[in-house]
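Below is one structure, written out as structure tokens; the observations come after it.
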Amino acid sequence: MKELLEKIHAAGLEEIKQVKNLEALKEIEVKYLGRKGELTNILKGLKDLSDEEKRIIGPATNGIKLDLEAKIKDKQSDLEAAEIAKKLAGEFFDITAPGTMTAHEIGHIHPLSRVQQEAENIFSDMGFTVMDGPEVESEYYNFEGLNIPADHPARDMQDTFFLKDKSEQKHGRLVLRTHTSPVQIRTMEKYGAPLRIIVPGRVFRYEATDASHDTTFYQVEGLVIDKNISLADLKGVMAEFLTRLFGKEVKVRFRPGYFPFVEPGLELDFSCLICNEKGCSVCKHTGWVEFMGAGMVHPNVLKAGGIDSTKYQGWAFGFGLTRLVMMRYGINDIRVLQSGDIRFTQQF
Ligand code: DAH
């Protein structure tokens, strides 16, 4: 009997040692300690044994029972811990893994802003200061100060947006500036000579719109006032500006032109970059692209700005930033630039 007990004990211990999961452990528990388990059967059979045997077998059986119970309990907590560890390993959450959400869309810089910024950078490098002026301007700054007399065609109701507001009495009616040139007078008044400025800005014309005309567009004004300033400087500055802007050698040429605020006045063309002066549709088969108006600042304009025209002279220019952008990116309808259509801006 004693031998049998020891065999059961040893077998139980071995099975507990080998068991790999909680379910199997449960089966072992039932097998040895359950109501119909091997040790329970022996305890049930004690009544048929002699007193002598009872005294030995009873406590021995109980001892084995307690021992197996304890071993099963230990094994159970080992197996549970292993199971949790395994679960955790399987559920590893990599906090450094890249997210699966779609990235936020990045905004786009409008081509007008882009080219304006490039122009500002190039002129700044050449010692120009970037100036600003009001878009709502007085008739005086927009016209009179620039030597544009009251009967000049540019002052026609067809070209200019007038504001209903009559508050500015001193300088005439208020208008939406038709060009950036009024900032010439404002800057001369404020800073005097010498000056070296550019003025990028928005201008307005009361016009019927089509693919090449809009009521709103952008210009860049330039003004240099100093002693011993000549048109040769203007030619050099513009050739350098365009060469840097296009990243390619650009030539410029002058043609006579007329603007009330300059004398002599001229038009500046640059060599066509598309065909290298051979002639193409962009340059209308002339090899040259009309670019801007310019000239030596009219003495009346210097006077309006409070500058002594016997001591100082200078030149001024004005070009269409909008047209430059259209040429650069091959945009054939001016209206898309101000449309606010993001399908347009997204392309840049
Ligand atoms: N203000 C003129 C325009 O809007 C452009 C212009 C021509 C500006 C000659 C100038 C200049 O400063 O000298 O058409």
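By convention here, the first residue in the shown sequence is residue 1. Atoms within a ligand are numbered from 1 in the order they appear, just like the ligands themselves.
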Task: Protein residues that have a heavy atom under 4.0 Å from any atom of ligand 1, sorted by chain and number - done: His179, Ser181, Gln184, Arg205, Gln219, Glu221, Phe259, Phe261, Val262, Gly293, Ala294, Gly295, Ala316, Phe317, Gly318
Open item on the list: With a 3.5 Å distance limit and no angle check, can you tell me whether Arg205 reaches the backbone of Thr178 through a side-chain donor-acceptor pair?
Closed with: yes
TODO: Check the pair Lys71, Glu29 against salt bridge (charged side-chain N to carboxylate O under 4.0 Å, His left out), reporting the backbone distance first and the verdict last.
DONE: CA-CA 10 Å; Lys71 293 279 163 23; Glu29 191 178 1; over 6 Å; no
Open item on the list: Is it the case that the ring center of Phe204 lies less than 6.0 angstrom away from the ring center of Phe217?
Closed with: no
TODO: Considering only NZ, NE, NH1 and NH2 on the basic side and carboxylate oxygens on the acidic side, decide whether Lys86 and Glu91 come within less than 4.0 Å.
DONE: no
- [ ] Could you check whether the rings of His179 and Phe261 sit parallel, tilted or perpendicular, using 30° and 60° as the cut-offs?
- [x] perpendicular
- [ ] Establish, yes or no, whether a centroid distance under 6.0 Å links the rings of His110 and Phe344.
- [x] yes
